[in-house]
Chemist: 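Take a look at this one; I'll ask things after.
If you're wondering where the values come from, they're calculated on a predicted model, not measured in any experiment. Below, all heavy atoms of this structure are taken into account, side chains as well, without hydrogens, waters or symmetry copies. By convention here, the first residue in the shown sequence is residue 1.
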Amino acid sequence: MVDIDKLLDPSPWHPMSDPVDLKHLGKLAEELGEAQAAVARCIIQGIDEEEPETGVPNREWLENELADVLANVNLVALRFELDEERMNQRAAKKMAHLKKWHDMA
């Protein structure tokens with residue numbers, strides 16, 4: 001049986017409140033969303049198509065958004081003193097795994 005009193009206890013979590021921390025993570029979240037939109041457009045329209053109103057190639061938009069994500073990832077890693085070596089090792093393992101997976105298609 002679920003203890004309703006325990007469920008109603010306030011959370012011990014403390015949200016971030018430092019304005020610079022919030023700016024770092026908020027901007028990263030924004031750029032991740034923009035990159036997601038660029039990826040979706042490439043899937044829907046094709047990577048070599050252009051945005052109809054601006055004429056910007058989808059490939060260029062994707063490159064721009066991925067570059068923005070990379071820049072923000074690096075800034076967040078610096079700000080929060082993340083273990084970049086561990087992150088790089090994980091990225092290398094993930095790339096090897098995904099290359100095998102892609103080859104299965």
Side-chain angles (χ1 to χ4, degrees):
M1 185 166 183
V2 176
D3 182 353
I4 192 70
D5 290 331
K6 186 161 183 81
L7 289 175
L8 297 176
D9 284 345
S11 169
W13 298 350
H14 303 283
M16 294 180 121
S17 59
D18 181 281
V20 178
D21 289 348
L22 291 169
K23 287 177 88 169
H24 275 81
L25 292 177
K27 190 62 176 174
L28 176 58
E30 177 187 30
E31 296 298 350
L32 288 167
E34 291 173 2
Q36 185 176 8
V39 168
R41 181 176 294 159
C42 289
I43 290 169
I44 294 166
Q45 296 177 345
I47 196 164
D48 293 317
E49 297 301 319
E50 294 181 351
E51 203 284 326
E53 291 182 22
T54 65
V56 174
N58 290 341
R59 178 181 302 275
E60 184 179 319
W61 186 37
L62 180 61
E63 291 169 346
N64 291 344
E65 296 307 334
L66 292 178
D68 292 352
V69 167
L70 289 173
N72 278 274
V73 165
N74 289 326
L75 287 171
V76 166
L78 288 171
R79 175 69 180 177
F80 296 103
E81 299 177 359
L82 301 181
D83 187 341
E84 292 185 62
E85 179 59 31
R86 191 185 78 73
M87 292 168 55
N88 289 332
Q89 289 174 1
R90 179 177 171 93
K93 287 179 183 177
K94 188 69 163 190
M95 286 177 61
H97 170 76
L98 289 173
K99 284 180 182 180
K100 288 179 187 175
W101 182 67
H102 294 150
D103 289 343
M104 293 172 66

Chemist: Over all heavy atoms of both residues, which pair between Asn58 and Gly46 is shortest? Give the atoms and the distance, please.
Modeler: ND2-O, 2.8 Å

Chemist: Quickly, which of Val69, Val76, Leu75 forms a side chain to side chain contact (heavy atoms under 4.5 Å, CB included) with Val73? Name it, please.
Modeler: Val69

Chemist: According to salt bridge (charged side-chain N to carboxylate O under 4.0 Å, His left out), does anything in residues 28-37 pair up with another residue at least two apart or in another chain? List the pairs.
Modeler: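 Qualifying pairs, neighbours excluded: Lys27-Glu30, Lys27-Glu31.
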
Chemist: Is there a path of hydrophobic side-chain contacts, each under 4.5 Å between heavy atoms of I/L/V/M/F/W/Y residues, joining Met95 to Leu70?
Modeler: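 No, Leu70 does not connect to Met95 through the hydrophobic network.
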
Chemist: Set out, in order, the CA-CA distance, both residues' side-chain angles and the distance that settles side-chain contact (heavy atoms from CB on, under 4.5 Å) for Val20 and His24, then state yes or no.
Modeler: CA-CA 6 Å; Val20 178; His24 275 81; 3.5 Å; yes

Chemist: Do Leu25 and Met87 belong to the same hydrophobic cluster, where Ile, Leu, Val, Met, Phe, Trp and Tyr are linked whenever their side-chain heavy atoms lie under 4.5 Å apart, directly or via other members?
Modeler: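 Leu25 and Met87: one cluster.
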
Chemist: Hey, could you give me the CG/NZ distance between Asp21 and Lys23, rounded to the nearest 0.5 Å?
Modeler: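 It comes to 12.0 Å.
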
Chemist: Side-chain contact, heavy-atom cut-off 4.5 Å: Arg79 with Asp18?
Modeler: yes

Chemist: Would one find more than 12 heavy atoms of other residues, nucleotides or ligands at under 6.0 Å from atom CD of Glu84?
Modeler: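 Yes, CD of Glu84 has more than 12 neighbouring heavy atoms, counting only those of other groups under 6.0 Å.
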
Chemist: Once rounded to the nearest 0.5 Å, what's the spacing between atom CD of Glu60 and atom CD of Glu65?
Modeler: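 That separation rounds to 11.0 Å.
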
Chemist: Please examine the side chains of Trp61 and Glu51, heavy atoms only from C-beta on, and report whether any two atoms are closer than 4.5 Å.
Modeler: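 No - every pair of side-chain heavy atoms lies 4.5 Å or more apart.
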
Chemist: Got Val39 and Ile43 here, is their nearest side-chain heavy-atom distance under 4.5 Å?
Modeler: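 Counting from C-beta outward, Val39 and Ile43 do come under 4.5 Å.
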
Chemist: So, for Ala35 and Leu66, which heavy atoms are closest and what is the spacing to 0.1 Å?
Modeler: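 The pair with the smallest heavy-atom distance is CB-CD2, 4.4 Å.
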
Chemist: Counting only heavy atoms not in Met16, do more than 12 sit closer than 6.0 Å to its CE atom?
Modeler: yes

Chemist: Does any pair with a residue in residues 88-97 pass salt bridge (charged side-chain N to carboxylate O under 4.0 Å, His left out), and if so which ones, sequence neighbours excluded?
Modeler: none

